[in-house]
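What follows is a single structure, written as structure tokens, with notes after it.
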Amino acid sequence: MSTGIKHGALFATSVEVVCTVNGRPVRLLLDPRESLLDVVRERLALTGTKKGCDQGQCGACTVHLDGRRVLACLTPAVHAQDADVLTIEGLAEPDGTPHPVQQAFIDHDALQCGYCTPGQIMSAVACIAEGHAGNDDQIREYLSGNLCRCGAYPGILAAVQQAARAAAEG
Ligand code: FES
Ligand code: FES
């Protein structure tokens with residue numbers, strides 16, 4: 001932990017955070033008030049993660065922290081200490097092959113403007129991994145924190161069904 005002067009006479013405390021982001025080691029010196037969302041977008045230039053409401057209402061900012069989905073706008077970036085952060089940019093295979101959930105969204109045309117899509121996909125990946133994609137009602141419930149103002153819900157549901165079936169079949 002180090003201290004420094006910020007904004008004239010105001011003192012701010014900087015915190016060193018070491019973590020991995022999409023498999024790459026990252027070392028950051030952060031203001032403890034910074035959200036994980038602002039850090040991935042503004043410091044790491046990973047702008048696939050979207051800022052919708054910035055207050056935990058829309059799900060557009062969903063990322064994974066140690067394999068669990070979190071709302072990055074409500075997560076202090078310092079919580080990433082020693083953790084693995086996964087954003088939409090890290091989901092595909094290194095050779096560019098889309099993740100099965102990404103492919104399912106393409107197959108079912110499960111988007112219109114696309115603004116909510118990274119969050120939808122990160123939530124869907126977690127939803128399937130959690131075992132919460134067993135039927136339509138379950139998928140709707142466990143993706144209910146991800147809003148789509150375009151109303152692409154039928155396509156999203158079909159995409160998650162396809163990806164869940166594929167995951168179940170191994
Ligand atoms: Fe985080 Fe809306 S931007 S929930
Ligand atoms: Fe436009 Fe969902 S595709 S907000």
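Owing to the predicted nature of the structure, the values given are computational and were not obtained by experimental measurement. First listed ligand is number 1; within each ligand, the first listed atom is number 1. By convention here, the first residue in the shown sequence is residue 1. All values below were derived from every heavy atom in this structure, side-chain atoms included, with hydrogens, water molecules and symmetry-related copies excluded.
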Determine the minimum heavy-atom distance between Cys58 and Gly52, stating which atoms define it.
-> SG-CA, 3.8 Å
Write out the residue and atom name of the closest protein heavy atom to atom 3 (S) of ligand 2, then the distance separating them to 0.1 Å.
-> Gln112 N, 3.2 Å
Quick one: which ligand 2 atoms are inside 4.0 Å of a heavy atom on Arg149?
-> 4 (S)
The atoms of ligand 1 lying under 4.0 Å from a heavy atom of Cys73, numbered in the order shown, are 1 (Fe), 3 (S), 4 (S)
Give the atoms of ligand 1, by number and element, whose distance to some non-hydrogen atom of Gly56 is under 4.0 Å.
-> 4 (S)
If you measure from the Lys or Arg side-chain nitrogens to the Asp or Glu carboxylate oxygens, is any gap between Asp38 and Lys51 under 4.0 Å?
-> yes
Here the atoms of ligand 1 under 4.0 Å from any heavy atom belonging to Asp54 are 2 (Fe), 3 (S)
Mind checking whether atom 2 (Fe) of ligand 2 has an N, O or S of Cys148 under 2.8 Å?
-> yes
Residue Gln57 vicinity, atoms of ligand 1 by number, heavy atom under 4.0 Å = 4 (S)
Gly114 heavy atoms, cut-off 4.0 Å: which ligand 2 atoms fall inside?
-> 1 (Fe), 3 (S)
Under 2.8 Å: N/O/S of Cys113 next to atom 2 (Fe) of ligand 2 = no
Short check: any N/O/S atom of Cys53 below 2.8 Å from atom 1 (Fe) of ligand 1?
-> no
When you measure from the side chain of His64 to the backbone N and O of Met122, does any donor-acceptor pair fall under 3.5 Å?
-> yes
Side-chain heavy atoms of Val17 within contact of Arg27, under 4.5 Å = no
Pick out which of Leu46, Val70, Thr75 makes a side-chain contact (heavy atoms from CB on, under 4.5 Å) with Val63.
-> Val70
Taking atom CZ of Arg68 as the centre, does the number of heavy atoms from other residues, nucleotides or ligands within less than 6.0 Å exceed 12?
-> no
Taking 2.8 Å as the cut-off, does an N/O/S atom of Cys58 lie below it from atom 1 (Fe) of ligand 1?
-> no
Atom indices of ligand 1, in the order listed, that fall short of 4.0 Å to a heavy atom of Cys61 | 1 (Fe), 3 (S), 4 (S)
Is the backbone N or O of Ile121 less than 3.5 Å from a side-chain atom of Gln102, with the two atoms forming a donor-acceptor pair by type?
-> no
Hey, is atom 1 (Fe) of ligand 2 within less than 2.8 Å of some N/O/S atom on Cys150?
-> yes
Taking atom types as modelled and ignoring hydrogens, do the side chains of Thr62 and Arg69 form a donor-acceptor contact shorter than 3.5 angstrom?
-> no
Among side-chain atoms of Asn22 and Thr87, is any donor-acceptor pair under 3.5 angstrom?
-> yes
